[in-house]
Q: 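Have a look at this one.
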Amino acid sequence: MRLNMLWSADEIAALSYGHYSTQLPKQGLPDPSREWTLMAAIIQVESGEDTKVSKQVVAMGTGTKCIGQSKLRKTGDVIQDSHAEIIAKRSFQRYLLQQLSLAVSEGKNCLFIPGTEKGKWMLRPEISFVFFTSHTPCGDASIIPVISHMDQLGHPLPSDTAEKDHGGNSVLESCATHKRRARSEDDIGFISKKMKHSEESDETLTRVENCDEENSHAFPSTCQEALDVHRTGAKSVPGELQDSYSPGVNYHTVGVLRIKPGRGDRTMSMSCSDKMARWNVLGCQGALLMHFLQQPIYLSAVVVGKCPFSQEAMERALYSRCQKVKSLPNAFMLNKVHIIQSDLQFQHGRDALTKMDVTRKLVPCGAAISWSAVPHHPLDVTANGYKQGTTKKAIGSPQCRSRICKAELFNAFQEMVQRLPEEQRSESLSQGLKTYWDYKEAAVSYQKAWKCLREQAFTSWLQTPRDFLLFS
């Protein structure tokens, strides 16, 4: 997708940070004296005449956690993955539902225009969406070579400098060795419990002398300069090539599917890198909304805040590994999303807070915040997949549900379907559909595209068991 750059990365970052500071409640935000979080947002861009552009945040999410598989429920009332990117995407789906409801009931003053197929709508051509994330997505996009002349935020290091590591110790660089702490995704909330390498390789970066440039799962360029890689706690899923844990740049296998780690209880959540790659084939709207949409909704760009960053790693993670996918249904494609980094840092990210006080001990914030540009109840604060403050006794009641959990989004979808006369419904809605699973499977073109992606690129993807999708 070609992109007319009518905005800058810093403008997108500043708009997102401003919205975070002014629109989110203190409840759910981190206590910066001891906590950090991640933030993601979706910005709606509307181009007008004379290159005039309006930009507004339409969805936002914060969060660093996901629940273990033992806490999944068959009623769809718990949020499985509360990483910021996923909360933002689910908040965006809530916004799209509200806009489609306007289209169905009024046919104007919304994002959509009538499509050419019965009961289907299309996004207005002047509208596009930009995804902002304060940090590179967990998983493959965060496996970044550390280059000798680059600092951990991806900018040149001045020569003859000493810096402080995360423990506050002086770190000196020389041409023979460059010892510094390896960046790991504990820094964004993941703690790897099974790293099979020595403590020394955890704490120092070893220059790599030999690189296998023919290995597509190793880093193909600048190998002679690479010292190590920024590491991820996300583990390769069964069936994928596994990490070697070899000291240095080949510690991780790149380009493979990964699962978010849990603390003692394995999760069923694929990494944010994997999920965002899926969006670049299937769209961000999900299966349900394809009953109302003639075309998927793709992101025009992804903007990343100031953090460790690699253009090559981001492109590999978000779309290059899907390039061999062929024979997609009509309207589906591989969206080669534009990727760019901002120089503006997120104020409540771990890097920014650590920079203020290197001795400070920080933990990830346990709460997640959802915000959607909808007229009623735009905010939602959750912890452990339920509304913040939910007691064990209350689990299972409607009051404990987040407005962006599967069950609530499905309820909103069903209400929209029921308001629509049968003669105005798309053909896919004319069947006797009852459960969440039924409606998802009936979105035939979406399911065909998903099958192509699974069979040709993501063969080891861990899917939620059908038993957990049969609620109605």
Side-chain angles (χ1 to χ4, degrees), residues 12 15-16 18-29 39-46 54-63 76-79 81-82 84-113 121-124 126-132 279 283-293 296-297 299 367-382 385-388 398-420 436 439:
I12 295 296
L15 182 63
S16 301
H19 191 91
Y20 174 88
S21 298
T22 60
Q23 299 299 314
L24 301 194
K26 290 184 178 179
Q27 175 196 12
L29 292 181
M39 182 268 283
I42 294 180
I43 293 86
Q44 180 175 307
V45 179
E46 183 170 358
S54 64
K55 303 181 293 294
Q56 63 167 325
V57 176
V58 294
M60 180 167 282
T62 72
D77 59 359
V78 62
I79 297 178
D81 187 342
S82 292
E85 296 94 329
I86 311 309
I87 295 292
K89 185 251 196 179
R90 298 186 72 81
S91 302
F92 180 55
Q93 289 175 328
R94 187 180 177 213
Y95 171 69
L96 293 178
L97 267 167
Q98 188 266 337
Q99 288 291 309
L100 278 169
S101 183
L102 283 177
V104 166
S105 60
E106 300 178 14
K108 57 184 180 179
N109 300 322
C110 66
L111 296 178
F112 300 102
I113 56 175
W121 299 81
M122 296 189 299
L123 193 66
R124 284 162 40 201
E126 68 272 21
I127 300 291
S128 61
F129 298 102
V130 177
F131 191 91
F132 175 79
W279 304 346
C284 292
Q285 74 294 320
L288 293 182
L289 294 189
M290 285 307 296
H291 289 289
F292 287 91
L293 295 173
I297 295 178
L299 299 169
I369 303 175
S370 161
W371 183 92
S372 301
V374 296
H376 305 294
H377 308 293
L379 281 162
D380 208 41
V381 182
T382 58
Y386 300 103
K387 281 192 174 181
Q388 194 174 50
Q399 292 75 25
C400 77
R401 294 177 177 178
S402 164
R403 293 184 179 90
I404 59 168
C405 71
K406 287 184 177 73
E408 286 297 305
L409 290 178
F410 185 46
N411 285 344
F413 169 82
Q414 287 180 301
E415 288 174 5
M416 185 166 64
V417 172
Q418 290 164 5
R419 288 200 306 269
L420 197 63
Y436 181 75
Y439 278 95

Q: Between CH2 of W121 and CG of L102, what distance do you get to the nearest 0.5 Å?
A: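 Those atoms lie 10.0 Å apart.
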Q: Is there side-chain contact between F413 and L100, with heavy atoms separated by less than 4.5 Å?
A: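 With C-beta onward as the side chain, the pair stays apart.
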Q: Looking at side-chain heavy atoms only, is the closest gap between I42 and Q44 below 4.5 Å?
A: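 The answer is no, as the side chains (C-beta and beyond) never meet within the 4.5 Å cut-off.
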Q: Just how far is it from atom CG of L288 to atom CG of L409, taken to the nearest 0.5 Å?
A: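 Between L288 CG and L409 CG, I get 8.5 Å after rounding to 0.5 Å.
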Q: Between Q388 and G28, what is the shortest heavy-atom contact and its length?
A: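 Q388 and G28 have their closest heavy atoms at OE1-N, 4.2 Å.
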Q: What heavy-atom pair brings I127 and L123 nearest, and what distance separates the two atoms?
A: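 Nearest pair, atom of I127 first, then L123: O-CD2, 3.7 Å.
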Q: Work out which heavy atom in F132 is nearest to a heavy atom in I12; give both atom names and the distance.
A: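 Result for this residue pair: CB-CG2, 4.0 Å.
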Q: When rounded to the nearest 0.5 angstrom, what distance separates CG in L293 from CZ in F112?
A: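 CZ of F112 is found 5.0 Å from CG of L293.
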Q: Would you list the atom pairs, donor with acceptor, under 3.5 Å between side chains in residues 84-92 and any protein atom, with sequence neighbours excluded?
A:
unit_1 : atom_1 : unit_2 : atom_2 : d
R90    : NE     : I404   : O      : 2.7
R90    : NH2    : I404   : O      : 3.0
S91    : OG     : M60    : O      : 3.4
S91    : OG     : I87    : O      : 2.7
S91    : OG     : S370   : OG     : 2.7

Q: Heavy atoms only: give me the nearest S82-I79 pair and the separation to one decimal.
A: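 So the minimum-distance heavy-atom pair works out to OG-CG2, 3.6 Å.
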Q: Answer whether the closest heavy-atom distance between the side chains of L29 and Y20 falls below 4.5 Å.
A: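 With C-beta onward as the side chain, the pair touches.
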Q: Between atom OG of S101 and atom CD of E415, what is the distance when rounded to the nearest 0.5 Å?
A: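 Answer for the OG-CD pair, S101 versus E415, is 9.0 Å.
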Q: Is the backbone of C284 close enough, under 3.5 Å, to the side chain of Q93 for a donor and an acceptor to pair up by distance?
A: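 Checking the backbone N and O of C284 against the side chain of Q93, a donor-acceptor pair under 3.5 Å is found.
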Q: To the nearest 0.5 Å, how far apart are CD1 in I297 and CE in M290?
A: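 These two atoms lie 8.5 Å from each other.
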Q: Are the charged groups of E46 and R124 less than 4.0 angstrom apart, N to O?
A: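 A salt bridge is present here (some side-chain N lies under 4.0 Å from a carboxylate O).
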Q: How about Y439 and F410: are their ring centres within less than 6.0 Å of each other?
A: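 Judged by ring-centre distance (under 6.0 Å), Y439 and F410 do meet the cut-off.
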Q: Roughly how far, to the nearest 0.5 Å, is SG of C405 from NZ of K387?
A: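 With rounding to 0.5 Å, NZ (K387) is 9.5 Å from SG (C405).
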